[in-house]
Amino acid sequence: MSVKLSNGKLIPIEMHKVRIVQKTELTPIKRRLQAIGAAGYNTFLLPTRELFLDMLTDSGTNAMSDNQLAAMMVSDDAYAGSESYYKLAAAVKDVLRMDWTMPVHQGRAAEHLLAKVFIKPGDVVLMNYHFTTTKVHFELAGATVLEIYTDEMLKTESNHPFKGNLDLQKFENCIKKYSADKISFVRMEATTNLVGGQPFSMENLRAVREIATKHNIKLVFDGSLLSENAYFVKQREKGYENKSIQEIIWEMMSLADIFYMSARKSTSVRGGMICTNHKKYYDLLLDWLPVYEGFSTYGGMSTKEIEAMTVGLREMTQLEVAGAGPDFIKYFVERMVEEGLPAVTPPGGLAAHLDAKRFLPHIPQEGYQAGALTAAIYLASGARSMERGTVSMERAPDGTEMYADLELARMALPRRVYTMSHIEYMVDRLKWLYTHRELVGKLKFVHEPPVLRFFFGRMEALDGWEKKLVDAFIADFGENC
Ligand SMILES: *Cc1c(COP(=O)(O)O)cnc(C)c1O
């Protein structure tokens with residue numbers, strides 16, 4: 001929700017009261033210097049005690065509602081036949097209008113099962129954009145992942161409302177090139193996590209559905225940020241202004257064959273699920289569910305989380321819940337743009353992003369500019385952001401570096417966790433960093449895991465740039481902040 005002030009300015013406003021808080025600390029800059037060194041310049045390896053603001057991700061870190069917490073207290077801890085599961089299935093029926101529901105322990109578990117059941121070696125999987133875990137699971141099953149996005153997606157300065165759209169012409173071309181029986185499915189990710197949380201439009205989804213139906217290709221919908229994508233459709237797509245989030249979700253779901261989600265995002269819990277109206281797909285997946293996840297009524301999740309997910313699923317259809325992330329992200333992005341910072345526009349659904357290629361143009365991609373930027377952001381602010389660039393890519397099978405399309409530093413805003421003064425503080429420190437950007441230098445790997453290297457990889461800063469940056473900071477702000 002936003003409210004209009006008497007000067008005409010729109011500001012995001014919290015439609016909730018904060019009644020439980022968690023203490024946080026702004027550690028002095030010299031301690032931050034030690035901490036980032038000990039973490040191998042990888043923000044994933046920073047302990048939270050070293051963080052002032054944790055903007056790594058919105059995954060499992062959102063503030064839950066009182067009703068979600070209350071629901072956890074009445075969970076039914078049964079191995080089989082848990083009442084908590086039947087409440088979830090009823091919520092899925094209401095909110096997603098799908099008949100068959102399978103909990104899994106998180107989003108990547110859903111991807112693992114989908115890969116196991118629907119991908120044959122030599123297949124291709126088409127998608128608007130990949131997510132890290134998606135690509136690895138599908139490739140491990142023997143598929144080639146093809147991203148068929150529009151040219152607009154990779155423009156970091158844009159006012160296109162739906163940069164997450166799938167390119168329909170490329171879709172048709174792929175069908176001609178590979179033949180439909182080689183295509184495991186087409187996957188639509190709402191919203192495209194790695195390229196700024198950008199949504200796709202209903203019009204685009206409908207067109208993808210039509211082509212898929214014509215060629216008998218399954219449409220798999222990754223709805224990890226379903227309510228955010230629905231919120232953008234309401235705000236940005238003609239004809240949807242007066243539709244409710246629930247109505248938009250129903251319309252989207254009527255176009256999907258299989259829906260899956262990481263429940264860690266839109267529903268603010270720790271879990272995931274797969275849902276469908278096709279019993280035959282459910283049955284195929286069910287065969288493997290107990291092998292990797294658990295019995296069909298808990299699927300690797302705690303029943304407490306299933307209860308909270310049930311409430312979260314219903315709550316995400318409320319306008320103020322669906323918009324909680326996007327409205328604050330919009331404010332953050334607009335403030336950065338006002339201050340001349342190279343933020344990705346338009347604002348997306350899970351985080352505000354800085355374009356590291358524009359922020360640090362003097363660092364080449366082989367110096368991991370997005371990685372260097374996340375380290376520098378931590379030094380300058382105590383906030384943890386996430387590298388979403390080349391470090392987050394896998395190397396090619398022959399070991400050559402695969403440069404990412406975009407080099408982004410992602411500052412996630414977990415829903416209902418941070419306030420406007422936190423954002424103003426960030427904008428100020430980022431502006432300081434931008435004026436001192438020439439002090440930031442390259443990183444290089446000193447330990448590089450063979451897969452998903454961004455999680456545990458360790459790097460070092462070249463030529464001692466980190467110390468020069470810290471000296472400049474101390475000259476302006478002193479040692480204690
Ligand atoms: C987070 C996410 C996943 C993976 O889910 P996990 O719960 O982290 O395993 C898959 N797809 C998208 C779009 C996501 O945002």
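Salt bridge status for Glu14 with Arg416: absent, with no side-chain N to carboxylate O gap under 4.0 Å. In summary, Lys431 and Glu339 engage in a salt bridge, as defined by a charged side-chain N under 4.0 Å from a carboxylate O. A salt bridge links Arg358 with Glu157; the closest basic N to acidic carboxylate O contact falls under 4.0 Å. Looking at Lys30 and Glu479, a side-chain N of the basic residue comes within less than 4.0 Å of a carboxylate O on the acidic one, giving a salt bridge. Between Glu394 and Arg453, no side-chain nitrogen of the basic residue sits less than 4.0 Å from a carboxylate oxygen of the acidic one, so the salt-bridge criterion is not met. Between Glu50 and Arg32 there is no salt bridge, since no side-chain N of the basic residue sits under 4.0 Å from a carboxylate O of the acidic one. Ion pair Glu307/Lys304 not flagged as a salt bridge, since none of the NZ, NE, NH1 or NH2 atoms sits closer than 4.0 Å to an Asp/Glu carboxylate oxygen. In this structure, Glu210 does not pair ionically with Arg206, as no charged nitrogen and carboxylate oxygen lie closer than 4.0 Å.
In the displayed structure, Leu5 atom CG is contacted under 6.0 Å by more than 12 heavy atoms of other residues, nucleotides or ligands. Atom CG of Asp476 has more than 12 neighbouring heavy atoms from other residues, nucleotides or ligands inside a 6.0 Å radius. Atom NZ of Lys357 has more than 12 neighbouring heavy atoms from other residues, nucleotides or ligands inside a 6.0 Å radius. Residue Phe456 qualifies as open at atom CZ: its count of foreign heavy atoms under 6.0 Å is 12 or below. Around the CD atom of Glu203, the shell of radius 6.0 Å holds no more than 12 heavy atoms that belong to other residues, nucleotides or ligands. With a 6.0 Å radius and a threshold of 12 heavy atoms from other residues, nucleotides or ligands, Glu241 has its CD atom above the threshold.
Side-chain contact between Met336 and Leu430: present, with at least one pair of heavy atoms (C-beta onward) separated by less than 4.5 Å. Under the 4.5 Å side-chain criterion, counting only non-hydrogen atoms from C-beta, Asn193 is in contact with Glu189. Between Tyr231 and Ile245, some side-chain heavy-atom pair lies under the 4.5 Å cut-off. Looking at Tyr240 and Met202, their side chains come closer than 4.5 Å, going by heavy atoms from C-beta outward. Residues Thr374 and Tyr41 form no side-chain contact, since every pair of their non-hydrogen atoms from C-beta on lies 4.5 Å or further apart. Considering only heavy atoms from C-beta on, Val391 comes within 4.5 Å of Met459 through its side chain. Side-chain atoms of Phe171 and Leu126, non-hydrogen and from C-beta on, do get closer than 4.5 Å to each other. In this structure, Met273 and Thr101 have side chains that are in contact, with non-hydrogen atoms separated by less than 4.5 Å.
Partner Leu350 forms a side chain to side chain contact (heavy atoms under 4.5 Å, CB included) with one of Glu228, Arg410, Lys265 and no other, that one being Arg410.
Partners of Lys243 under the salt bridge (charged side-chain N to carboxylate O under 4.0 Å, His left out) rule, at least two apart in sequence or in another chain, do not exist in this structure. In this structure Lys442 satisfies the salt bridge (charged side-chain N to carboxylate O under 4.0 Å, His left out) test with no other residue, sequence neighbours excluded.
In this structure, Tyr425 and Phe52 have perpendicular ring planes: the angle between them is above 60°, well past the 30° mark. Classified by interplanar angle (parallel below 30°, tilted 30° to 60°, perpendicular above 60°), the ring pair Tyr418/His422 is perpendicular.
Remark: side-chain polar atoms of Asn165 are paired, donor with acceptor, to backbone N or O of Ser201 under 3.5 angstrom. Thr57 places a side-chain N or O within donor-acceptor distance of the main-chain N or O of Ser59, the cut-off being under 3.5 Å. Between the side chain of Glu247 and the backbone N or O of Ser244 there is at least one donor-acceptor pair closer than 3.5 Å. In terms of modelled atom types and a separation under 3.5 Å, the side chain of Arg187 and the main chain of Met127 share no donor-acceptor contact. Judged purely by atom type and a 3.5 angstrom limit, Asn42 has no side-chain atom pairing as donor or acceptor with the backbone of Arg458. Of the possible polar contacts, one joining the Thr435 side chain to the Trp432 backbone as a donor-acceptor pair under 3.5 Å is found. Remark: side-chain polar atoms of Asp463 are not paired, donor with acceptor, to backbone N or O of Trp465 under 3.5 angstrom. Judged purely by atom type and a 3.5 angstrom limit, Arg384 uses its side chain to pair as donor or acceptor with the backbone of Leu46. Checking side-chain atoms of Asp167 against main-chain N and O of Ile148 turns up no donor-acceptor pair under 3.5 Å. When atom types are taken as modelled, the side chain of Glu147 and the backbone of His130 share a donor-acceptor pair closer than 3.5 angstrom.
A donor and an acceptor atom, one from each side chain of Thr43 and Glu387, are nowhere located under 3.5 Å apart. Checking Thr213 against Arg209 by side-chain atom types alone, a donor-acceptor pair falls below 3.5 Å. If you check the side chains of Ser266 and Ser227, you find a donor sitting under 3.5 Å from an acceptor. Residues Arg108 and Thr133 bring no donor and acceptor atom of their side chains to less than 3.5 Å of each other. Judged purely by distance below 3.5 Å, without hydrogens or angles, the side chains of Ser65 and Glu315 pair a donor atom with an acceptor atom. Side-chain polar atoms of Thr390 and Glu407 form a donor-acceptor pair below 3.5 angstrom.
Distance CD1/Ile248 to CE/Met253: 12.0 Å, rounded to 0.5 Å. Interatomic distance, NZ of Lys17 versus CG of Asp66, reported as 9.0 Å (0.5 Å rounding). Separating the CE atom in Met411 from the CG atom in Asp58 is a distance of 14.0 Å, to the nearest 0.5 Å. The CD1 atom of Ile29 lies 8.0 Å from the SG atom of Cys481; values are rounded to the nearest 0.5 Å. Rounded to the nearest 0.5 angstrom, Leu313 CG and Leu88 CG are separated by 7.0 Å. For the atom pair CG of Leu462 and CD of Glu466, the computed distance is 9.5 Å after rounding to the nearest 0.5 Å.
Judged by a 6.0 Å distance limit and a 45° cone about the ring axis, Arg388 is positioned over the six-membered ring of Phe454. With Phe473 as the aromatic partner, Arg429 does not meet the cation-pi criteria of under 6.0 angstrom to the ring centre and within 45 degrees of the ring axis. Cation-pi geometry between Lys170 and Tyr149 is satisfied (NZ or CZ under 6.0 Å from the ring centre, within 45° of the ring normal).
You'll find the ring centres of Phe455 and Phe44 inside the 6.0 Å limit. Ring pair Phe221/Tyr260: centre-to-centre distance not below 6.0 Å. If you look at Phe445 and Tyr368, their ring centroids are closer than 6.0 Å.
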From CA spacing to verdict: salt bridge (Lys or Arg N to Asp or Glu O under 4.0 Å), Lys163, Glu152
CA-CA 6 Å; Lys163 291 201 294 186; Glu152 201 62 33; over 6 Å; no
